[in-house]
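Along the sequence shown, residues are numbered consecutively beginning with 1. In this text the structure is predicted, and so the values were computed from the model without any measurement.
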Amino acid sequence: MLAVKKDGTVQKIGQFPDCRVLLPVPAEAREAAATGRVKVYRYDESEKTWDEVGGTYDPAAGGLAFKADHFSKYALMETTAPPAVKTFADIAGHWAQKEIEIMATKGFVAGVGDNKFAPEATVTRAEFAAILARMAGLTADPDGAKRFNDVPQNAWYCGMVGAAAKAGLVRGTGEHSFAPNEPITREQMAAMMVRLMAREGQDMGIGEADAARILAGFEDAASISPWARNSVALVVREGIMKGRTVAQFVPAGHTTRAEATVVLYRVWQKLQLSAGEKK
């Protein structure tokens, strides 16, 4: 800043002690400012960080006042409390407790009632489809499930199965059947997760030779359905799923609610990491 004196000379001003600055607060943030959740921050060019300055809310002026002694970049930021961790009475000490709590807090998975999660219960195709739909940010679409004769329009899962089907995340077990209450198999789960990741922009391509090389590590590779071979290879490659044992994938095996939550948590982590890299 330059200041012009009375005699016409110009003086450069680098600092101005005890200068009071008022930053206007948007109307929708004034309540938060009054409770101290909105504060002034100054950008530190050398450290590339925002440092808290604080400030005092002036309700009459509708702004945050603070003292500044030099020029800089200033901004208003609101601090928000993290959501309360969602937990369940029957997962305390469970090996998947952390992943279940994170996924439940984010609203991707839900309990079975009475503050219980039933981590060792078998997950159904409808339950898994509903979780996928939530992770994809889809809105319930009952019309999308009308192609399936075995999905009642009044079923709790109808809208989410319909949304997942319309988005191409899930497929039926037949032309007009979805088998919503049947346990989901491990190879079905792999195929659904690969579709979700591809929809979210992940490169989920794999050649036949690479898929065969990955699956060669499983003695039961021949029992993997042809339509699921590439998906199983991909989730193994990406570290999302492992064999039930070192040498057995068990493609037709069922999955517990805890196991399903953990593999979906790994998918969510990969999607978050990818989104951060694109920013």
Side-chain angles (χ1 to χ4, degrees), residues 121-136 138 141 144-151 157 160-271 274:
T122 302
V123 67
T124 66
R125 285 172 50 82
E127 289 173 330
F128 198 81
I131 300 171
L132 285 180
R134 295 185 199 113
M135 291 179 67
L138 302 179
D141 186 355
K146 286 183 176 179
R147 73 185 81 173
F148 304 124
N149 296 331
D150 55 357
V151 177
Y157 51 79
M160 299 312 275
V161 167
K166 185 172 287 188
L169 299 180
V170 302
R171 297 172 184 170
T173 55
E175 186 177 356
H176 298 295
S177 62
F178 185 75
N181 296 315
E182 285 188 8
I184 192 168
T185 66
R186 285 167 54 80
E187 64 179 10
Q188 290 171 350
M189 192 164 64
M192 293 181 189
M193 290 189 294
V194 166
R195 294 182 198 123
L196 172 63
M197 295 180 72
R199 183 181 186 275
E200 297 300 312
Q202 299 291 295
D203 180 7
M204 301 308 288
I206 189 171
E208 291 296 330
D210 287 338
R213 176 180 52 79
I214 293 171
L215 297 180
F218 299 113
E219 295 174 351
D220 59 351
S223 64
I224 300 173
S225 300
W227 55 264
R229 286 180 61 82
N230 283 2
S231 293
V232 171
L234 282 165
V235 294
V236 172
R237 184 191 74 181
E238 297 296 319
I240 295 169
M241 292 182 72
K242 302 176 182 178
R244 271 282 162 80
T245 66
V246 175
Q248 299 282 328
F249 185 78
V250 193
H254 298 161
T255 302
T256 67
R257 285 169 52 83
E259 290 171 333
T261 301
V262 169
V263 295
L264 286 168
Y265 170 73
R266 292 173 186 155
V267 170
W268 175 77
Q269 278 189 311
K270 284 189 173 292
L271 295 178
S274 177

Quick one: does Arg186's side chain have a donor or acceptor within less than 3.5 Å of a partner on Val250's backbone?
yes
Say whether, by atom type as modelled, one donor and one acceptor occur between the side chain of Glu259 and the main chain of Thr256 under 3.5 angstrom.
yes
Could you tell me whether the side chain of Asp150 and the main chain of Ala179 form a donor-acceptor pair under 3.5 Å?
yes
Take Leu196 and Met192, measure what side-chain contact (heavy atoms from CB on, under 4.5 Å) needs, and give me the verdict at the end.
CA-CA 6 Å; Leu196 172 63; Met192 293 181 189; over 6 Å; no
All heavy atoms of Glu127 vs all of Val123, minimum pair found to be OE1-CA, 3.3 Å
Side-chain atoms of residues 223-230: list all donor-acceptor pairs with protein atoms under 3.5 Å, sequence neighbours left out, distances to 0.1 Å.
unit_1	atom_1	unit_2	atom_2	d
Ser223	OG	Asp220	O	2.6
Ser225	OG	Glu187	OE1	3.4
Ser225	OG	Glu187	OE2	2.7
Arg229	NH1	Ala221	O	3.3

For the residue pair Arg266 and Ile240, what are the closest heavy atoms and their distance?
NH1-O, 2.8 Å
The ring pair (Phe, Tyr, Trp, His ring centres under 6.0 Å) partners of Phe178 (sequence neighbours excluded) come to Phe148
By ring pair (Phe, Tyr, Trp, His ring centres under 6.0 Å), Tyr157 pairs with (sequence neighbours left out) none
With ring-ring contact (aromatic ring centres under 6.0 Å, His included) as the rule and sequence neighbours excluded, what pairs involving residues 194-223 come up?
Phe218-Phe249
So do Pro251 and Val232 actually touch side chain to side chain, heavy atoms under 4.5 Å?
no
Closest heavy-atom pair, Met160 versus Leu138, reported as atoms and distance to 0.1 Å, is CE-O, 3.9 Å
Taken in chain and number order and not counting sequence neighbours, the residues that satisfy side chain to side chain donor-acceptor pair (under 3.5 Å) with Arg125 are Gln188
Quick one, Thr124 and Ile184 - any side-chain contact, counting heavy atoms below 4.5 Å?
no
Salt bridge (Lys or Arg N to Asp or Glu O under 4.0 Å) contacts touching residues 163-172 (sequence neighbours left out):
Asp141-Lys166
Heavy-atom nearest pair, Thr255 first then Arg244, reads CA-NH2, 4.1 Å
